[in-house]
Amino acid sequence: MVNVNTVQTKPFEGQKPGTSGLRKRVKVFQQPNYTENFIQAVLKAIPESDGGAKGATLVIGGDGRFYLNEVLQIIVKLSVAAGVKKLVVGRDGIVSTPAVSCIIRKIKATGGILLTASHNPGGPDADFGIKYNCSNGGPAPESVTNRIYEISKTLQNLEIADIPKVDFSQLGTQHIGDLTLEVIDGVKDYVEYMKTIFDFDEIRTFFKNNKDFKMLFDGMNGVTGPYGYRLFVEELGLPESSVMRFKPLPDFGGAHPDPNLTYAHDLVERVQAENYDFGAASDGDGDRNMIIGKDAFVTPSDSVAIIAHYAKEAIPYFKKHGVNGLARSMPTSQALDLVAKKQGLEFFEVPTGWKFFGNLMDAGRCSICGEESFGTGSDHVREKDGVWAILAWLSIIAHVNKSKRMGVQDILQEHYKVYGRNFFSRYDYEEVDSKGAEDMVERLRGMIEKNELVGKTCGQFKIAKADDFAYHDPIDGSESKKQGIRIIFEDGSRIVIRLSGTGSHGATVRLYVEKYSDNAAEYPKPTQEALKPIIDVALELSQLEKFTGRKEPTVIT
Ligand code: G16
């Protein structure tokens with residue numbers, strides 16, 4: 001019999017999950033009762049049972065970042081008190097975000113708690129995060145996250161079981177009162193699943209027949225290192241030198257585990273200097289990916305379009321299940337729209353946030369989707385999946401190389417020949433003053449409401465449409481408003497401006513620009529050069545420098 005103590009607490013301000021869970025500095029989570037409050041609110045908000053977590057089976061996994069172990073202990077104490085039936089936890093708490101989604105679906109769990117701030121840095125002075133996923137394996141929809149927030153505002157008591165510290169380092173089952181706690185290998189189920197989705201023999205054969213084709217995977221000291229090692233080295237038989245930074249570290253080795261050209265520069269430099277044909281990285285929790293090649297960078301917007309283009313030919317999962325529809329987040333370039341059109345597929349444009357794809361996938365209307373924020377995935381799970389995207393690219397490479405030798409750059413150029421090129425870039429202005437950023441967006445919103453933008457000529461561009469993106473979910477009818485300022489020009493070029501929902505400090509302004517070209521002479525142009533005129537227009541229209549005081553972005557992707 002376990003003793004449960006009722007401990008007084010008081011609500012904390014701002015426990016509102018953002019684009020993807022609650023992300024704050026570690027120091028915020030370390031405040032007495034802060035983490036306990038949020039976990040209690042999550043357990044009470046579990047949608048399957050009105051009584052909260054009683055009888056639930058929950059999968060728990062994190063990316064190995066600093067403070068993970070302490071939060072695992074808190075989850076067990078509150079779960080025992082709340083009557084949770086079973087917790088399935090990765091060894092040392094380590095499971096990638098897509099693997100949590102995979103396991104929730106496989107064991108038909110009630111849901112899962114993910115302990116990650118994704119690509120944000122880790123360590124005592126960096127970030128932590130907590131996210132709830134539902135029984136479909138996907139991030140909780142706004143109806144659930146709003147409920148978590150409402151509960152967090154009313155908490156007066158915490159129910160905490162009085163139990164000794166739990167050891168998560170050994171595989172096996174333990175019993176704590178009525179709760180069963182199973183510590184699992186967080187990599188195994190996922191690797192097995194990947195082997196049913198992709199043709200590993202075909203990829204192996206490709207590497208065997210092309211011994212000079214070299215690949216380098218960068219785990220960025222995040223959670224995917226062990227997955228990459230198991231898949232690329234042990235399953236595909238590549239040399240150990242094919243993986244770098246593959247040990248998860250609590251502070252990611254001091255690096256920013258975000259796979260883009262800025263933060264994954266170690267990979268980028270090695271691919272160039274050491275003549276690798278294919279380079280790939282995944283982020284802290286394993287849901288993002290970046291694909292590069294010799295002298296080639298695949299924008300995430302192009303990546304999802306190319307995967308969709310080849311899916312049915314190159315990937316057994318889609319040969320078997322077909323491709324039912326495609327979707328992208330609103331700021332993502334329109335390259336995917338062109339594939340949907342050519343293949344006659346249903347197509348959706350949703351707000352930023354993977355959670356918006358879930359309903360479409362559950363309804364069987366979306367098979368492949370992606371976001372410009374280095375997120376690519378399919379309905380095999382309900383999270384974006386970095387390692388899956390890398391395997392998809394390897395499958396495409398193995399497939400196209402059956403007829404002629406093609407590298408990443410060749411695959412890109414072939415794609416542009418068929419569809420034209422959507423030049424795309426995102427400028428991030430991180431940790432700017434929140435008030436200035438909000439005022440900037442408000443001003444644009446005001447101009448849209450007063451219809452001051454449509455018809456306006458800006459340099460070589462004329463504005464055809466301007467709105468604040470709103471989404472009507474076709475499955476559950478929910479409405480999501482104010483999802484980003486969208487300015488569309490007569491030639492189809494676009495500017496999008498929105499504030500990030502994943503920052504932990506101040507505001508992050510995201511400025512997205514896109515320009516389409518079907519002039520083959522332009523395809524090899526460097527992205528920034530091709531986009532310069534529209535970037536100038538975006539900065540002028542938004543008056544970004546005036547409102548934020550920033551001359552230069554923190555990151556350009
Ligand atoms: C999360 C979400 C993504 C979203 C990204 C950026 O990714 O899962 O759907 O695109 O944040 O969001 P924002 O622009 O609001 O910062 P992750 O990898 O951080 O979980």
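We count residues from 1, following the sequence as given. When a ligand or atom number is given, it counts from 1 through the structure's own listing order. Worth knowing before you read on, the calculation uses all heavy atoms, side chains too, and leaves out hydrogens, waters and symmetry mates. Quantities reported herein were computed from a predicted structural model and do not represent experimental measurements.
Between His309 and Tyr419, the distance separating the two ring centers is shorter than 6.0 angstrom. Less than 6.0 angstrom separates the ring centroid of Tyr190 from the ring centroid of Tyr227.
The neighbour count for Lys153 NZ, taken as heavy atoms of other residues, nucleotides or ligands under 6.0 Å away, is above 12. More than 12 heavy atoms of other residues, nucleotides or ligands shown are found within 6.0 angstrom of CD on Gln528.
Each of the following atoms of ligand 1 lies closer than 4.0 Å to a heavy atom of Ser373: 4 (C), 5 (C), 10 (O). Residue Arg510 approaches ligand 1 through these ligand atoms, each under 4.0 Å from one of its heavy atoms: 13 (P), 14 (O), 16 (O). Applying the 4.0 Å criterion to heavy atoms of Gly353 picks out, from ligand 1, the atoms 9 (O). Listed by number with element, the atoms of ligand 1 under 4.0 angstrom from any heavy atom of Asp287 are 18 (O), 20 (O). If you number the atoms of ligand 1 from 1 as listed, the ones under 4.0 Å from a heavy atom of Gly501 come out as 13 (P), 15 (O), 16 (O). Near Ser118, with a cut-off below 4.0 Å to any heavy atom, the atoms of ligand 1 are 17 (P), 18 (O), 19 (O), 20 (O).
Proximity of a side-chain donor or acceptor of Ser301 to a complementary backbone N or O of Ser333 within less than 3.5 Å is detected.
Of the listed residues (Arg486, Lys481, Lys482), just one forms a salt bridge (Lys or Arg N to Asp or Glu O under 4.0 Å) with Asp467, and that residue is Arg486. For the side chain to side chain donor-acceptor pair (under 3.5 Å) test with Asn289, the passing option among Thr376, Asp385, Asp283 is Thr376; the others fail. Each of Arg105, Lys355, Lys131 was scored for a salt bridge (Lys or Arg N to Asp or Glu O under 4.0 Å) with Glu383, with one residue passing: Lys131.
With distances taken over non-hydrogen atoms, the option nearest atom 1 (C) of ligand 1 out of Glu371, Lys384, Arg498 is Lys384.
Residue contact annotation: Gly375 has no non-hydrogen atom under 4.0 Å from ligand 1. Ligand 1 is approached by Arg23 to a heavy-atom distance shorter than 4.0 Å.
Some N or O of His119 is nearer than 3.5 Å to an N or O of ligand 1, by distance alone. Taking only nitrogen or oxygen atoms, main chain and side chain alike, Arg426 does not reach within less than 3.5 Å of ligand 1. Between Leu499 and ligand 1, not a single N/O pair is under 3.5 Å apart. Inclusion of Asp285 in the set of residues having an N or O under 3.5 Å from an N or O of ligand 1 is not warranted. At a 3.5 angstrom cut-off on N or O pairs, Thr352 does not count as close to ligand 1.
Under 4.0 Å from ligand 1, heavy atoms of Ser500 appear from its side chain as well as its backbone. Counting heavy atoms under 4.0 Å from ligand 1, residue Thr97 does not touch it at all.
Heavy-atom minimum distance, Pro259 versus Phe374: O-CD2, 3.2 Å.
Side-chain contact between Phe198 and Ile315 is present, with heavy atoms from C-beta onward closer than 4.5 Å.
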